[in-house]
Asks: 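Here it is: the structure, laid out below.
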Amino acid sequence: MSDDDQQSGRPWWRSAAIYQIYPRSYADGNGDGVGDITGIRARLPYLRDLGVDAVWISPWYVSPMADAGYDVADYRDIDPLFGTLADAEALITEAHELGLRIIVDMVPNHCSDQHPWFRTALADGPGSPARQLFHFRPGVGESGELPPNDWQSAFGGPAWTRTSAPDGTPGEWYLHMFAPQQPDWNWDQPRVRAEFESILRFWLDRGVDGFRIDVASLLVKQDGLPDEGTLPPGAPAPHSDRPEVHDIYRSWRRLADSYPGERAFVGELWVSPEALPRYLREDELHTAFNFPFLQAAWEHGALRKVIDETLTLHAPVGAPATWVLGSHDATRVVTRYGRADTSFTERHQPVPVDLDLGTRRARAAALLSFALPGSVYVYQGDELGLWEVEDIPLALRQDPAVQQSGGTDPGRDGCRVPLPWEGDEAPFGFSPPDAGTEPWLPQPPAWKDHTVAAETGDPGSTLELHRNALRIRRAEPALGDGPFAWLPSADGVLAFTRGPGFTCLVNLTPDPVELPAHTEQLLASGPLTDGLLPPDTTVWLRAV
Ligand code: NOJ
């Protein structure tokens, strides 16, 4: 595996196609109904054949799983649900042998309330050095019965939970920007900084090629933890995008650069467009997850705007853009694009969905994203055209967002349903034959037509579309990182070139449109009709 992109001689992360594995839902090797590392290892050849360059694995660390592994109790070991450290090491080696890079998830804003340092902090009590590593505060009100400030958890409700002594006496409160089981680290403490650098080294020493940084802008909090409500309008948030956070990433970058090979960071950054490029300066993170693209409506104006803005923001710092249509946090793209409102700002309770329309658009969007300059992400199952499972019974839903929001948020379980690999009925090869267990979330019977086996060899399938697209993307020197220019086109059509010889056209109008002059049709997301490009369809052309 070379460190540089074979055609361009530029670092791999500037052009990579990266597949996100959500380990509990990818493949179950031991038959307990939950995906694991043995399952991933067995299905690595599938990823090689799909044609991706790298795999991002959502957290696999020791965790009580209050937030599906984003509550880490030991950053240097694997949760027994997923396997062992030796399994993880074997996976990294085998992936490398197949030419696949491994990106692991790093969760530095918070840990689990079962992390030994947090247990010690609780035990040692107010004023102890152990409590300094987190954000403990007395409450306000006569007897400290109110949270220390007005910050809200991302899952709903106050971002504070009150502790109690073993005899039940109420004590200090601690900060958690997510679930109560996810206490926030105090990044003002050198010991926290040193600990995370040591954790990064631990995984770099094991050969990982990069890290996806969970909620990367949240780590540093404003001194004094002021109420949000009392800040003047337009003041920067007290818990996100603090200027000091950049020192952390500069230091991480130096650390990564001290290792051989090209190790890369991708930030999960929910920040303003003005703030984003600051994280992508050449001595900070390499890339950032493109949320505005994921959230954009399937409309000509919205897409053109988000593409322009993305490229404009990245250009001054020389960082490559990323193009993202799905993740374990977002409603599946087929479902989003099958609704009347195709934009995505938050998860809704189910609304009517036209899955055929959504599928057509999601296929067109995949070809669009693969043709744009930079790197691209594929969330597991999107290559099969899976849709959001919206009818999971409430009792089976596991996302803490469901409970914490009082049920107003349907949660993220619907995009986390175990993958269908083969066969006519659940568990569709997700677990070994005769395992006798149910997958941890129920799979829809209709997925029998969307298993890897059912779609393999079917030229009209979404899987074969992805395989073809990724093969061409790899072979085509113009694709990946590199120049981009819009071409003149009819209203409602996106047309761009990626250098001489490659044109991409997306029809977002309700009518078929003519193709520009070309010598060859490389790939289309759906059949052309009488030589015309139908609505909601993308085509790649060899231009004259
Ligand atoms: C972002 C992760 O993607 C999400 O799944 C998680 O719940 C939060 N960060 C908290 O770690």
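Each ligand, and each atom within it, is numbered from 1 in the order the structure gives. The shown structure was predicted, so the numbers you read here are calculated from the model rather than taken from an experiment. We number each residue from 1, following the sequence as shown.
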Asks: If you count every heavy atom of other residues, nucleotides or ligands that lies below 6.0 Å from D257 atom CG, does the total exceed 12?
Replies: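 Yes.
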Asks: With a 4.5 Å cut-off on side-chain heavy atoms, are R212 and D214 touching?
Replies: yes
Asks: Measure H176 to ligand 1 on non-hydrogen atoms and call it side chain, backbone, both or neither using the 4.0 Å cut-off.
Replies: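 It is neither; nothing of H176 touches ligand 1.
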Asks: Using a 4.0 Å heavy-atom cut-off, which part of F289 comes near ligand 1: side chain, backbone, both, or neither?
Replies: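 The answer is neither.
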Asks: Are the ring centres of F211 and W252 closer than 6.0 Å?
Replies: no
Asks: Take atom CD in Q222; do more than 12 heavy atoms of anything else shown fall under 6.0 Å from it?
Replies: yes
Asks: In plain terms, say whether D67 and R412 are close enough for a salt bridge, that is, a side-chain N and a carboxylate O under 4.0 Å apart.
Replies: yes
Asks: Only heavy atoms of F155, strictly under 4.0 Å: list the atoms of ligand 1 that pass.
Replies: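 Reading through ligand 1 atom by atom, the close ones are 7 (O).
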Asks: Could you list which atoms of ligand 1 come closer than 4.0 Å to a heavy atom of H110?
Replies: 10 (C), 11 (O)
Asks: Do the side chains of P148 and P138 get nearer than 4.5 Å, heavy atoms only?
Replies: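 They are not in side-chain contact.
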Asks: With heavy-atom distances below 4.0 Å as the criterion, list the atoms of ligand 1 near R416.
Replies: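 By the 4.0 Å cutoff, the relevant atoms are 5 (O).
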Asks: Do me a favour and list the nearest non-hydrogen protein atom to atom 3 (O) of ligand 1 with residue, atom name and distance?
Replies: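 Checking every protein heavy atom, the shortest distance to atom 3 (O) of ligand 1 gives D329 OD2, 2.4 Å.
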Asks: In the protein, which heavy atom is nearest to atom 8 (C) of ligand 1, and how far is it?
Replies: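 It is F178 CE2, 3.8 Å.
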Asks: Taking atom CD of Q349 as the centre, does the number of heavy atoms from other residues, nucleotides or ligands within less than 6.0 Å exceed 12?
Replies: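 Yes, CD of Q349 has more than 12 neighbouring heavy atoms, counting only those of other groups under 6.0 Å.
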Asks: For the pair R76 and S198, evaluate side-chain hydrogen bond (donor to acceptor under 3.5 Å, both in side chains) and give the outcome as yes or no after the intermediate values.
Replies: CA-CA 10 Å; R76 295 183 185 81; S198 156; 2.7 Å; yes
Asks: Which bit of R212 is near ligand 1, meaning a heavy atom under 4.0 Å away: side chain, backbone, both or neither?
Replies: side chain
Asks: Quick check on contacts: which atoms of ligand 1 are under 4.0 angstrom from a heavy atom of R412?
Replies: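 Within the 4.0 Å cut-off of R412, ligand 1 contributes 4 (C), 5 (O), 6 (C), 7 (O).
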Asks: Of all the non-hydrogen atoms in the protein, which one sits nearest to atom 7 (O) of ligand 1, and at what distance?
Replies: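 Among all protein heavy atoms, the one nearest atom 7 (O) of ligand 1 is D67 OD2, 2.5 Å.
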Asks: Looking only at protein heavy atoms, which one is nearest to atom 1 (C) of ligand 1, and how far off is it?
Replies: D214 OD1, 2.9 Å
